[in-house]
Enquirer: 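Quick one: the structure is below, and I'll ask about it shortly.
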Amino acid sequence: MSTINKIHPVKQTAGTGARATAPSTSTDPGEGLTRALVRGTTTDVETLMKNATFKINEFATAGRLITLYTRARAEYRNMLPVLPKPSGVQLSLQDISAWLTSLLDTRTTFQIPVVNAVEDAEILPGSPLSLPYRDLMMFSLAIGAEELALFFWPLCEGLKTAHAVSSNHMLKNMAAKISGDDEISEQIMKMANGFESKAMALTKRCFAENEPKTLRILVTKDPHIGGFTCFETTVNSDCKEFMVSEPFVRLVDEMWMSSNVLTDRESQEKRSSSSICRAIFSSPTSIAIAKAITNFIFIILFSYTLLFQISEYASVFELAVFVIVISFVADEIRQYVIEEGSTAWRKFINYISLWNCLDIIAMLMCMAGFIVHAVYNSTYVCNISSYMEAVRVLYSLSICLFIIRFVQLFLVSKLLGPKVIMIGYMMQDMVFFLVLLLLFMFAYGIAAQALLYPDEQDWTKVLLGIVYRPYWQMYGELFLDQMTGIGVADCTSTTTTSTTTT
């Protein structure tokens with residue numbers, strides 16, 4: 001059997017080793033092939049397709065695909081978490097489409113097109129599938145039939161590399177959804193790695209024969225895998241081995257140095273000087289350099305404004321900073337609008353990242369500081385110092401985040417980029433270290449506070465003593481006057497001293 005044994009239990013009759021298959025009384029000529037597909041037996045499928053009296057378009061219909069997934073749900077109970085679930089009484093083509101959308105993380109709903117489909121019209125069960133081999137390959141992956149999927153892979157419509165990488169992405173998401181059986185999850189991951197190896201081997205072979213064409217293939221959107229390119233799918237599925245291969249590295253270099261990798265060298269030689277200049281200035285390298293320069297100028301301007309130009313009334317420099325921040329806000333809105341995603345929530349999930357969160361917080365603080373300053377100017381309040389202090393605090397926090405945000409620009413550097421990534425991993429490890437450190441700090445702080453100040457009733461002083469004293473003692477501030485009681489006049493005591501006058 002070509003499928004994973006753990007996933008596909010062999011049904012046997014009592015007392016015999018034969019497979020429990022009831023004799024078919026159906027007049028459907030494709031019933032035998034349907035059974036072979038559900039069992040995942042590649043040899044039977046290959047033989048039946050070779051000797052079939054019907055064409056693949058006559059067999060692969062919308063109703064047949066629904067039947068395959070329905071029978072798979074009944075036979076493979078341990079694969080139910082990753083198989084499509086019916087939204088109603090029975091499984092439908094829309095349920096299968098929504099299931100594939102979630103596994104492939106496509107921009108829009110993953111379509112299962114049929115021949116001569118009419119928009120908004122009901123799809124009949126006998127409607128032939130437009131991409132039969134692709135849909136049968138997806139079914140093979142769903143039931144864990146690796147050899148069967150590899151049988152359909154060369155027959156799939158569209159780019160073979162794109163199908164291999166998308167299969168890797170689909171299998172990885174399937175493995176993540178199986179939480180009750182580590183063995184099945186591990187075997188599905190092995191299947192995913194196998195398709196990554198297939199995609200990498202095919203790309204390397206094409207790259208050796210025709211380098212420009214291979215690079216164009218990697219950045220060509222394929223509607224058969226949801227409108228993604230091979231490059232995007234490889235990044236989304238985190239195919240590390242493929243990403244460090246020579247074709248992929250060369251593609252990244254081309255994309256970094258030029259805004260257009262779809263033109264070969266001969267066409268580049270024929271381009272005009274204006275188009276060449278446009279390509280140079282619109283390349284990612286030029287954009288990154290321009291962004292670094294503009295951010296540096298903004299930080300210098302903001303720093304000068306905060307240090308020298310914050311007064312009772314907004315200065316020209318403060319207004320300039322506010323206008324630049326507004327332009328940053330407009331750019332963040334643009335990033336959200338063009339973000340990939342079929343729904344607003346999906347766009348938001350794809351947009352949110354550490355750097356974007358820092359941007360949003362920094363911009364909100366800067367705008368809040370300007371609004372507070374504007375409110376002060378319009379109301380002429382008497383308590384000037386409190387308002388100005390709030391403005392300076394908001395601006396100070398904002399510029400701190402803007403300067404930290406500048407670190408992202410170092411990621412493009414071969415020298416500084418890996419160090420920034422290492423710092424990120426170190427920060428994650430440091431969180432667990434700080435948890436252990438806090439345990440020891442609180443243990444010592446509570447014991448020391450209880451022994452030194454047994455009658456202290458002020459909660460603020462108690463909490464400050466628990467945290468403040470042990471923290472600074474780690475840096476050498478021992479508080480010996482408090483620990484020994486020498487020279488301390490305000491220590492609490494259980495006894496009182498009374499004086500008498502004579």
Side-chain angles (χ1 to χ4, degrees), residues 105 232 235-236 238 252 255-256 284-307 309-310 314 317-341 343-374 389-435 438:
D105 298 325
E232 293 171 328
V235 174
N236 292 337
D238 196 21
V252 173
M255 295 175 67
W256 177 245
T285 306
S286 302
I287 294 174
I289 294 174
K291 187 175 182 180
I293 294 174
T294 53
N295 275 269
F296 182 75
I297 294 174
F298 168 73
I299 290 174
I300 295 297
L301 176 62
F302 199 174
S303 301
Y304 176 78
T305 303
L306 179 60
L307 294 173
Q309 295 295 324
I310 300 298
F317 295 94
E318 189 175 354
L319 291 173
V321 169
F322 181 74
V323 170
I324 295 174
V325 170
I326 291 297
S327 68
F328 288 166
V329 173
D331 185 66
E332 293 297 323
I333 296 174
R334 179 194 63 82
Q335 291 181 34
Y336 171 78
V337 171
I338 66 174
E339 193 63 63
E340 299 169 358
T343 61
W345 176 250
R346 173 68 66 175
K347 284 177 174 287
F348 179 76
I349 293 298
N350 294 335
Y351 166 79
I352 286 297
S353 64
L354 172 62
W355 303 112
N356 285 336
C357 287
L358 287 177
D359 282 341
I360 294 173
I361 297 173
M363 294 172 193
L364 289 177
M365 286 186 174
C366 183
M367 290 189 295
F370 186 85
I371 292 172
V372 171
H373 204 175
E389 182 179 357
V391 171
R392 287 191 176 90
V393 169
L394 289 171
Y395 280 162
S396 298
L397 293 175
S398 177
I399 196 171
C400 286
L401 294 179
F402 274 121
I403 294 175
I404 294 174
R405 179 65 172 79
F406 198 81
V407 174
Q408 190 194 20
L409 299 177
F410 296 153
L411 290 173
V412 301
S413 171
K414 292 182 179 180
L415 296 176
L416 297 177
K419 294 177 177 58
V420 173
I421 296 174
M422 285 190 292
I423 291 174
Y425 285 117
M426 289 169 58
M427 295 292 290
Q428 296 176 12
D429 294 336
M430 189 176 65
V431 172
F432 301 101
F433 171 77
L434 289 178
V435 172
L438 288 175

Enquirer: With sequence neighbours left out, which residue pairs that include part of residues 406-425 fulfil the side chain to side chain donor-acceptor pair (under 3.5 Å) condition?
Expert: Arg405-Gln408
Enquirer: Would you check if the side chain of Ser398 reaches a backbone N or O of Tyr395 as a donor-acceptor pair within less than 3.5 Å?
Expert: no
Enquirer: CD1/Ile403 to CG/Asn295 distance, rounded to the nearest 0.5 angstrom?
Expert: 11.5 Å
Enquirer: Could you give the distance from CD1 (Ile300) to OG1 (Thr305), rounded to the nearest 0.5 Å?
Expert: 11.0 Å
Enquirer: Looking only at non-hydrogen atoms, find the nearest pair between Ser396 and Ile399 and report the distance.
Expert: O-CG2, 3.2 Å
Enquirer: With side-chain contact (heavy atoms from CB on, under 4.5 Å) as the test, pick out the partner of Val391 among Ile371, Val372, Leu306.
Expert: Val372
Enquirer: State, with a plain yes or no, whether a side-chain heavy atom of Tyr351 is found less than 4.5 Å away from one of Glu332.
Expert: yes
Enquirer: Do other residues, nucleotides or ligands put more than 12 heavy atoms under 6.0 Å from the CZ atom of Phe296?
Expert: no
Enquirer: How many angstroms lie between CE in Met363 and CG in Leu358, if you round to the nearest 0.5 Å?
Expert: 10.5 Å
Enquirer: How would you list all residue pairs meeting salt bridge (Lys or Arg N to Asp or Glu O under 4.0 Å) that involve residues 297-307, not counting sequence neighbours?
Expert: none
Enquirer: So Phe410 and Leu415, do their side chains get closer than 4.5 Å, heavy atoms only?
Expert: no
Enquirer: Side chains of Phe432 and Val435: does their closest heavy-atom pair fall under 4.5 Å?
Expert: no
Enquirer: Report yes if the side chains of Trp355 and Leu411 come closer than 4.5 Å at any heavy-atom pair, otherwise no.
Expert: yes
Enquirer: Rounded to the nearest 0.5 Å, what separates atom CZ in Arg392 from atom CG in Leu307?
Expert: 10.0 Å
Enquirer: Work out which heavy atom in Ile352 is nearest to a heavy atom in Cys357; give both atom names and the distance.
Expert: CG2-SG, 4.0 Å
Enquirer: Supply the atom-to-atom distance Asn356 CG to Glu339 CD, rounded to the nearest 0.5 angstrom.
Expert: 8.0 Å
Enquirer: Give the ring-plane orientation class for Phe298 versus Phe302, where under 30° counts as parallel, over 60° as perpendicular and anything between as tilted.
Expert: tilted
Enquirer: With under 30° as parallel and over 60° as perpendicular, where do the rings of Phe402 and Phe328 fit, or are they tilted in between?
Expert: tilted
Enquirer: How close do Ala368 and Leu394 get, heavy atom to heavy atom, and via which atoms?
Expert: C-CD1, 3.8 Å
Enquirer: Drop me the distance from Gln309's CD to Tyr304's OH, to the nearest 0.5 angstrom.
Expert: 4.5 Å
Enquirer: Side chains of Ser327 and Ile324, heavy atoms from C-beta outward: is any pair under 4.5 Å?
Expert: yes
Enquirer: Heavy-atom distance under 4.5 Å between the side chains of Ile423 and Val407, does that happen here?
Expert: no
Enquirer: Among Ile326, Val325, Leu319, whose side-chain contact (heavy atoms from CB on, under 4.5 Å) with Phe370 holds?
Expert: Leu319
Enquirer: Residues two or more places apart in sequence or in another chain: which of them pass side chain to side chain contact (heavy atoms under 4.5 Å, CB included) with Met430?
Expert: Met427, Leu434
